[in-house]
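What follows is a single structure, written as structure tokens, with notes after it.
All heavy atoms count here, side chains included; hydrogens, waters and symmetry mates do not.
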Protein chains: 2
Amino acid sequence: MARPRTYVRDEVVSRAADLFVRKGYEGAHLEELVRVTGLNRFSLYKEFGGKEGLFQAALDAYLERMDSLGAILRREPRGLSNLRAFYADLLSRDFPHGCLAVNTIREKHVVPERVFATIERFAADSEEQLRGNLAAARERGELAATTDVDGLARVLTALNMGLMTYGVVAPGRASAQQVGALLERVLR
Amino acid sequence: MARPRTYVRDEVVSRAADLFVRKGYEGAHLEELVRVTGLNRFSLYKEFGGKEGLFQAALDAYLERMDSLGAILRREPRGLSNLRAFYADLLSRDFPHGCLAVNTIREKHVVPERVFATIERFAADSEEQLRGNLAAARERGELAATTDVDGLARVLTALNMGLMTYGVVAPGRASAQQVGALLERVLR
DNA sequence: CCTGTTTCAGAACGACTGATCCGTAACGGC
DNA sequence: GCCGTTACGGATCAGTCGTTCTGAAACAGG
């Protein structure tokens, strides 16, 4: 019978994700990953195949944590109330070091392609969910019939990325109320 | 008489900036910096003091390039026409690899503090310029008297950051017209 | 030509990096 | 206890990293 593992995979992944949010893929070094996760090097390679595998696992876990936000946009009925709930939730969260997905966009030319493909899919999905709710809102008469929901979804996606970035350079400066007020100007 | 330099400092800085936009501070390695700039290692250390100095010079030059945008917001009279011109200009530019300043935000825990302080000042100045024009617009009656110009400036700053990030993961997807339409909904 | 100075090309250096390796520990089954 | 298996701690490895160093090149002046 083999020696039992002393690490818990999910805990390792979660801690690694926290470090990757702060330092990025390239900046988070193995020595530090080993330290914050408590995982020994042999096990890191055995369990994840190496740094890339650990990053991918951390990213996947992080996106799963964020999926509670996406779930809001998937509620029926689609429409403005979903968008309002989405932003209420998003803005209730703290991103002092940014968001792993958004941060990783800036490492496009550094991370493995497979990893970046995950980010691209995440961004496209997010935008599609926003667009779906905007389209439903327009159909229901919550938005003007002339509203360009495609464009609006794109801009809101960009705004989401920006909010997570803003929180890094000016922490605590953009409040839920302020963003909400802007959105009400948009969504009417 | 000393041997003449074969490099042109501004050209070196500009090329280094382009690489730093793509790879970031940590990801842009000296070997590649030497290759794309054509600057030999001795001169790099002599002229810039090392990688950090080159990055700071590249960032400063980059921000100077971007200052033409800031200049639009400093025109008199302050108001909505400045904002419209600002966005028309911003959105006429291409940021396929992002913006060096915004990209560097995600390297907060990696770059030297001095460098990050430059980013913080840039962000704060940008926001202040936006705020100034919004406040003038409100005073002139172009915006409702109840408009929260502080909050709006913050959100627009975040949006700017987001637009530069969006262009990396979904190039060419957010058009000037679409962003402009959203702004018209906001600025009325 | 020689001299002094600065810049060049690129090698060498020491530290750092992700990955591999080795001896030992921990376990159940016999 | 021994055995086989897997995970541990941490040393080692080969390559890469930013920085320093060295000999040669390029120049004007004497």
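- For the ring-ring contact (aromatic ring centres under 6.0 Å, His included) test, residues two or more places apart in sequence or in another chain that qualify with A/Phe55 are A/Phe20, A/Tyr25.
- Checked against side chain to side chain donor-acceptor pair (under 3.5 Å), A/Arg138 has no partners two or more places apart in sequence or in another chain.
- Remark: A/Glu113 CD is loosely packed, at most 12 non-hydrogen atoms of other residues, nucleotides or ligands lying under 6.0 Å away.
- Residue B/Lys51 has no polar side-chain atom (N or O) positioned under 4.0 Å from OP1 or OP2 of D/dT19.
- The listed nucleotides are C/dT6, D/dA7, D/dT20; the one nearest the side chain of B/Arg3 is C/dT6.
- Judged as a salt bridge (Lys or Arg N to Asp or Glu O under 4.0 Å), the pairs with a partner in residues 49-60 of chain B (not counting sequence neighbours) are, in order, B/Glu52-B/Arg114.
- A donor-acceptor contact under 3.5 Å links the side chain of B/Arg41 to the base of D/dT19.
- Mapping B/Tyr45 and A/Asn40 onto DNA chain D by nearest heavy atom places A/Asn40 at the nucleotide closer to the 5' end.
- Of all the residues in residues 25-37 of chain B, B/Ala28, B/His29, B/Leu30 reach under 4.0 Å from DNA chain D with at least one non-hydrogen atom.
- In the hydrophobic clustering of this structure, A/Leu63 groups with B/Tyr166; members are Ile, Leu, Val, Met, Phe, Trp, Tyr whose side-chain heavy atoms approach within less than 4.5 Å, directly or through other members.
- Formation of a donor-acceptor pair under 3.5 Å by the B/Asp67 side chain with backbone atoms of B/Gly70 is not found in this model.
- A/Asn103 places a side-chain N or O within 3.5 Å of a backbone atom of A/His97 that can act as its donor or acceptor partner.
- Checking C/dA19, C/dA26, D/dC21 against the side-chain heavy atoms of B/Phe42 singles out D/dC21 as nearest.
- In this structure, NZ of B/Lys46 is placed 14 Å from C1' of D/dT20, rounded to the nearest angstrom.
- Rounded to an integer number of Å, the gap from A/Leu39 CG to C/dA19 P is 13 Å.
- Legend: residues meeting ring-ring contact (aromatic ring centres under 6.0 Å, His included) with B/His29, ordered by chain and number and at least two apart, are absent.
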Could you pull out the protein-nucleic contacts involving nucleotides 28-30 of chain D (nitrogen or oxygen on both sides, under 3.5 Å)?
none

